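Got a structure here, written out as structure tokens. Questions coming.
Scope of the values below: all heavy atoms of this structure, side chains included, with no hydrogens, waters or symmetry mates. Quick caveat, the model's predicted, so the values are computed rather than measured. If you read the sequence from its start, that first residue is 1, and numbering goes on from there.
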Amino acid sequence: MDKPDHGVTYDAFNAFCGNLPATTYTVQWGHSHVWKVGGKVFAIGGWSKLQRPAFTFKTSELNYDILKDEPGYRPAPYLASRGMKWIQQYDTTAGGDEALRYYLAESHRIVSLGLSRKRQRELGLNQG
């Protein structure tokens, strides 16, 4: 992902998510960039009241506990308040693009593991 002075761009976010296996893209929820695997959301670009890009993703319980208090990250609006382990990176200069790539790929993996085994096979996911 490119990282200009203002952080990761939506173009870089979309390019990265589009290269993950079996993903689909849609624009919804107030013009947010929404990425899904097997019809389930794993990443959202947008969804922030700030002028700079923000990226929301599902995390493991451990990563959630670590990130919720880190600078540039917060529990994801709407999702975390419902008990879900979702984080929003609202300052992409804080975590860097390498960290964001890791968390997006991990979110994709976590969400794909929640699909039925049949659906995972149909999509060619988690076959190792």
Practice task
Taking all non-hydrogen atoms of both residues into account, name the closest pair between Ala76 and Thr56 and its distance.
Solution key: CB-CG2, 3.5 Å
Problem - Minimal non-hydrogen separation, Leu123 against Gly38, with atom names - result: CD1-CA, 3.6 Å
Problem - Verify same cluster id: Tyr25, Val8 (apolar side-chain graph, 4.5 Å) - result: yes
Problem - same_hphob_cluster(Leu79, Ile66) at 4.5 Å side-chain heavy-atom cutoff - result: no
Handout entry: Side chains of Asp97 and Phe16 in contact at under 4.5 Å (non-hydrogen atoms)
Key = no
Fill in the blank from the handout: Between Trp86 and Lys58 the two heavy atoms that sit nearest each other are CE3-N, 3.3 Å
Practice task
Give the minimum heavy-atom separation between Thr59 and Asn63, together with the two atoms involved.
Solution key: CB-CB, 4.0 Å
Problem - Closest non-hydrogen atom pair between Leu115 and Gln120, with its separation - result: O-NE2, 2.8 Å
Handout entry: Where Val111 and Val41 come nearest, the two heavy atoms and their spacing
Key = CG2-O, 3.5 Å
Exercise for the section: Flag the pair Asp91 / Pro71 as yes when at least one side-chain heavy-atom distance between them is below 4.5 Å, and no otherwise. Expected result: no
Practice task
For the residue pair Val34 and Trp29, establish whether any side-chain heavy-atom pair is separated by less than 4.5 Å.
Solution key: yes
Handout entry: Audit row: Leu20, Val37, side-chain contact (heavy atoms from CB on, under 4.5 Å) steps and yes/no
Key = CA-CA 9 Å; Leu20 293 171; Val37 57; over 6 Å; no
Completion exercise
In this structure, NE2 of His31 is separated from OH of Tyr10 (nearest 0.5 Å) by 12.5 Å
Handout entry: Expected output: side-chain His108 to main-chain Ala43 donor-acceptor under 3.5 Å
Key = no
Handout entry: Set of residues satisfying salt bridge (charged side-chain N to carboxylate O under 4.0 Å, His left out) with respect to Glu70, sequence neighbours excluded
Key = none
Handout entry: Short side-chain to backbone donor-acceptor contact, Thr23 and Cys17, under 3.5 Å
Key = yes
Exercise for the section: Give a yes or no answer on whether the side chain of Ser32 reaches the backbone of Gly46 with a donor-acceptor pair at less than 3.5 Å. Expected result: no
Practice task
For the residue pair Leu104 and Trp35, establish whether any side-chain heavy-atom pair is separated by less than 4.5 Å.
Solution key: no
Handout entry: Set of residues satisfying side chain to side chain contact (heavy atoms under 4.5 Å, CB included) with respect to Arg117, sequence neighbours excluded
Key = Arg121
Handout entry: CD1 on Ile110 to CD on Glu61, rounded to 0.5 Å
Key = 10.5 Å
Handout entry: Parallel, tilted or perpendicular: rings of Phe57 and Tyr73 (30°, 60°)
Key = perpendicular
Exercise for the section: Following the transitive rule for hydrophobic clusters with a side-chain heavy-atom cut-off under 4.5 Å over Ile, Leu, Val, Met, Phe, Trp and Tyr, establish whether Tyr64 and Tyr102 coincide in one cluster. Expected result: yes
Exercise for the section: Can you measure from CD (Glu106) to CZ (Arg109) and round to the nearest 0.5 angstrom? Expected result: 4.0 Å
Completion exercise
Between His33 and the options Thr26, Asn14, Asp11, the side-chain hydrogen bond (donor to acceptor under 3.5 Å, both in side chains) test singles out Asn14
